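I have placed the structure first, in the form of structure tokens, so that the comments after it can refer back to it.
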Amino acid sequence: MSSTAMSLSAPTRSSAVNWSRFARVGPGTVLAAVAANVLAYFIASTVVAYNAEFLPLASVGGAIIMTLAPAIVAVLLYAALLRFTRHPARIFTITSAIVFIISLIPVFTYIPTVPGATNAQTATLVLMHVVAAIVIVALLTSIRRTSWES
């Protein structure tokens, strides 16, 4: 009985996650995504005149909140993928691409109907989506499983 249990439970390869590194990269990802979008907000404001009636860009607070929440969800999702899947980076990247495309649907369908919306402001929102996606995916997928022979 013990030889059967041992042969079934002894894998030839195992993998681990450096959770202490993830504990730094996870919150760092959230902060970096928010900082990058705040920077994008202010840089774009030098080129695009934000209409005060257009609430999504009326203040930098909206950019912060709308980046903060998805970034936190992304960190939690990636932690779960690291824990429960064999290919977390690939799954996360594919999932992120799908979520990115879905997140742009309201930007192109609803946002143009919002009072004060202009094409330039819509482009700014798209830019901010791209910035957040790049930062989040790049930083989180830098954490990979490490494999070794047992």
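Only a predicted model underlies this, so the values are computations on that prediction, with no experimental measurement involved. The first residue in the sequence is number 1, and the count goes up from there. Every heavy atom of this structure was used, including side-chain atoms; hydrogens, water molecules and symmetry mates were not.
- Under a hydrophobic-cluster definition in which Ile, Leu, Val, Met, Phe, Trp and Tyr are linked whenever side-chain heavy atoms come within less than 4.5 Å, directly or via other members, F108 and V48 are assigned to the same cluster.
- Going from atom OG of S96 over to atom CD1 of I101 covers 11.0 Å, rounded to the nearest 0.5 Å.
- Residues L31 and Y41 do not share a hydrophobic cluster, defined by chaining ILVMFWY side chains whose heavy atoms lie under 4.5 Å apart.
- In the hydrophobic clustering of ILVMFWY residues, with side-chain heavy atoms under 4.5 Å counting as a link, V99 and M128 come out apart.
- Between E53 atom CD and Q121 atom CD the span is 10.0 Å, to the nearest 0.5 Å.
- None of L57, I111, L127 except one satisfies the side chain to side chain contact (heavy atoms under 4.5 Å, CB included) rule with T122; the exception is I111.
- Counting heavy atoms from C-beta on, the side chains of I105 and Y110 never come closer than 4.5 Å.
- Residues A33 and V135 come closest through the heavy atom pair N-CG1, 3.6 Å.
- Within the 4.5 Å cutoff, no side-chain heavy atoms of F84 are placed close to those of I91.
- Ring orientation note: the planes of Y78 and F92 are nearly perpendicular, at an angle over 60° on the 30°/60° scale.
- Inter-residue side-chain proximity for R83 and P88 is flagged as unmet; no heavy-atom pair is nearer than 4.5 Å.
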>> Run V30 and V75 through side-chain contact (heavy atoms from CB on, under 4.5 Å) and show every step you take.
In response: CA-CA 8 Å; V30 173; V75 169; 3.8 Å; yes

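- Here the side chains of I64 and N37 are not in contact, with every heavy-atom distance at 4.5 Å or above.
- Contact of the F42 side chain with the T46 side chain is not registered, since no non-hydrogen atoms from C-beta on lie closer than 4.5 Å.
- Tracing side-chain contacts under 4.5 Å through hydrophobic residues (I, L, V, M, F, W, Y), one reaches I143 starting from L76; they form part of the same cluster.
- I72 CD1 to I136 CD1: the interatomic distance, rounded to the nearest 0.5 Å, is 10.0 Å.
- Of all heavy-atom pairs between P70 and T67, the closest is CD-O, 3.4 Å.
- Counting heavy atoms from C-beta on, the side chains of T141 and T93 come closer than 4.5 Å.
- Connection of L125 to V38 is established within a shared hydrophobic cluster, with ILVMFWY side chains joined at heavy-atom distances below 4.5 Å, either directly or through further cluster members.
- Annotation for L140 and G26: closest pair CD2-CA, 4.4 Å, computed over non-hydrogen atoms.
- Remark: I134 CD1 to L139 CG distance equals 11.5 Å, nearest 0.5 Å.
- In this structure a side-chain-to-backbone donor-acceptor pair under 3.5 Å is present from T124 to A120.
- Counting heavy atoms from C-beta outward, V126 and L104 have side chains that approach closer than 4.5 Å.
- Between S103 and H129, the closest heavy-atom pair is OG-CD2, 3.1 Å.
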